[in-house]
Amino acid sequence: MNRETQAAGTDSIVIELRGVCKRFTRPTAEPFPVLVDIDLTLREGEIVGLLGRSGSGKSTLLRIAGGLLSPTSGEVRYRNAPLFSPSEGIAVVFQTFALYPWLTVLQNVELGLDALGLPSAEVRRRANAAIDLIGLDGFQSAFPRELSGGMRQRVGFARAIVSEPVLLLMDEPFSALDVLTAETLRTDFLDLWTEHQLPTRSVLLVTHNIEEAALMCDRVVVLGSNPGHLVAEIPVSLSRPRNRMDAGFQTIVSEIYSVLTTRMSAAVQAQARVHGGLALHLPNVSVHEISGLLEALAEPPHQGTAELGKLAASFALEINHLLPVAAALHLLEFAELTGDSIKLTAAGRVFVQSGTEDRKRLFREHLLTFVPFAAHILQILAERDDHQAPRERFELELEDHLNASDAEETLRVVISWGRYAEVFTYDDSARSFAIPPAR
């Protein structure tokens, strides 16, 4: 690379994160890492997606990029200068509408210019221009309560772009909307972007929706969890507008699913090898969700095997809903995750074909075989004369291996699964486990 090319590349950088780490402190004063060693660069003219499961630190990373949070270590540079706090030229669109209900649409949008100290006439002109651009002309005097969810989010977009930001940060901006409204707003935003009607030069988008990432982004950055770290960067070189039915689009979606499922399977296997499997963080899904996905996989058109992308599309599921259930099936060996596909095992097929009691018996067998912590609880109960044990005894044990949040979630899941399988009972009032009486 020659010097001229290097200089041009440097000039095109909007924001750069170098070795960014973020730690919070638990009440016990123990550090809790959320992000580690994040290197990320956004250049002019691109939309970059941040994709990952819950707990991977996507929103934390976005807030650090916006100067709303300081990294524990590492550096953030905005337009080649260190970023220490919210800066002029950076705007955020949040997941919730975040509007002031006592202000009109026009007044809410004008707030986006509050810190710039502009003359009132200029504030009014720019606010009206942003409202017109985002498709809300005529609603300046309306209050948020008079607007639909999609219109309220348009106000949020107008408030963000009224300051003519160089960098626009979007934290799941369409997730609170119904499917049709989200699709309309997403399409309108992309039209403005491709037609260069927005002042924004670069966009960082946090999303849970793989198809949304493939539709909107030029690059998709995948974060792993516990703590959040970069695991893959997938370029999306498709021209816009993009068609969900195109083979190239489906290839990108499949590649993203493959990255996520491969990492998830590897994480489960790694956890299963640590501390005899007691460090295994269970996915927070119910037996009803497990049964529902098994039944859906067994029915036409899947007949036992499905690509995760097509399965998600057919049920309008995002990765935060689909992947934890798929992980549970994989963990319990009712199904197998391979690349971007999921396939029923023989046990999964038997489960679907069985009646209620036979399903319980099969689930119990797999729970005690493949979830060591459930078998551990049963063993402790069986060894005690009264066949009872306090919840705290198992909470403390889990917290030796997992952080407090994951330990709480895992215990809640194992209680639910154990109750269904009649492995043990749990009395929440007494906070106590027991072996159920023989029937």
With no hydrogens and no angle check, do the side chains of [X] and [Y] hold a donor and an acceptor under 3.5 Å apart?
| X | Y | answer |
| --- | --- | --- |
| D427 | S432 | no |
| R431 | Y426 | no |
| D340 | S258 | no |
| T194 | R240 | no |
| E212 | T207 | yes |
| H208 | K58 | yes |

Side-chain heavy-atom pair [X], [Y] within 4.5 angstrom cut-off:
| X | Y | result |
| --- | --- | --- |
| H229 | V231 | yes |
| I161 | L133 | yes |
| V236 | D218 | no |
| L331 | L280 | yes |
| M170 | L204 | no |
| D37 | C21 | yes |
| L329 | L337 | no |
| Y78 | V76 | no |

Using a strict threshold of under 4.0 Å (side-chain N to carboxylate O), is an ion pair present between [Y] and [X]?
| X | Y | answer |
| --- | --- | --- |
| K343 | E333 | no |
| R393 | E395 | no |
| E16 | R18 | yes |
| E122 | R125 | yes |
| E408 | R391 | yes |

How long is the span from the CD1 atom in I47 to the CG atom in L190, to the nearest 0.5 Å?
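Those atoms lie 5.5 Å apart.
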Hey, is the main chain of [Y] close enough, under 3.5 Å, to the side chain of [X] for a donor-acceptor pair?
| X | Y | answer |
| --- | --- | --- |
| H366 | L332 | yes |
| Q140 | I131 | no |
| S163 | L113 | no |
| S202 | G45 | no |
| S148 | M151 | yes |
| E289 | S286 | yes |
| D132 | N128 | no |

From CA spacing to verdict: side-chain contact (heavy atoms from CB on, under 4.5 Å), L17, L61
CA-CA 10 Å; L17 285 75; L61 182 56; 3.3 Å; yes
Can you pull the ring pair (Phe, Tyr, Trp, His ring centres under 6.0 Å) pairs that have at least one residue in residues 100-146, sequence neighbours excluded?
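The answer is Y100-W102.
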Assess the residue pair T72 and R23 against the criterion (side-chain hydrogen bond (donor to acceptor under 3.5 Å, both in side chains)); give the C-alpha distance rounded to whole Å, side-chain angles, the decisive distance to 0.1 Å, and a yes or no.
CA-CA 6 Å; T72 305; R23 293 188 301 273; 5.1 Å; no
In terms of heavy-atom contacts, does [atom1] of [X] have more than 12 from other residues, nucleotides or ligands at under 6.0 Å?
| X | atom1 | result |
| --- | --- | --- |
| H321 | NE2 | no |
| E392 | CD | no |
| Q197 | CD | yes |

One pair to check against side-chain contact (heavy atoms from CB on, under 4.5 Å): I342 and L308. What are the steps and the verdict?
CA-CA 7 Å; I342 185 168; L308 288 169; 4.0 Å; yes
Under the criterion side-chain hydrogen bond (donor to acceptor under 3.5 Å, both in side chains), I'd like the reasoning laid out for H330 against E336: C-alpha separation, chi angles, the key distance, then a yes or no.
CA-CA 5 Å; H330 182 80; E336 181 181 7; over 6 Å; no
Cation-pi, F249 ring and R242 (6.0 angstrom, 45 degrees)
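No; the conditions do not both hold, so R242 does not lie above the ring face of F249.
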Pair R79, E88 - check salt bridge (charged side-chain N to carboxylate O under 4.0 Å, His left out), show working.
CA-CA 11 Å; R79 306 191 84 179; E88 183 179 339; over 6 Å; no
For a side-chain contact (heavy atoms from CB on, under 4.5 Å) check, start with the C-alpha distance between T181 and F174, then their side-chain angles and the critical distance, and finish with the verdict.
CA-CA 8 Å; T181 302; F174 312 107; over 6 Å; no
Contact summary for H302 and A296, nearest pair of heavy atoms:
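So the two residues come closest at CD2-O, 3.3 Å.
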Check whether the ring centres of F24 and F32 lie less than 6.0 Å apart, and answer yes or no.
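Here the rings of F32 and F24 have centres that are no less than 6.0 Å from each other.
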Starting from the C-alpha separation in whole Å, work towards a yes-or-no answer on side-chain contact (heavy atoms from CB on, under 4.5 Å) for L147 and V155.
CA-CA 10 Å; L147 307 178; V155 178; 3.9 Å; yes
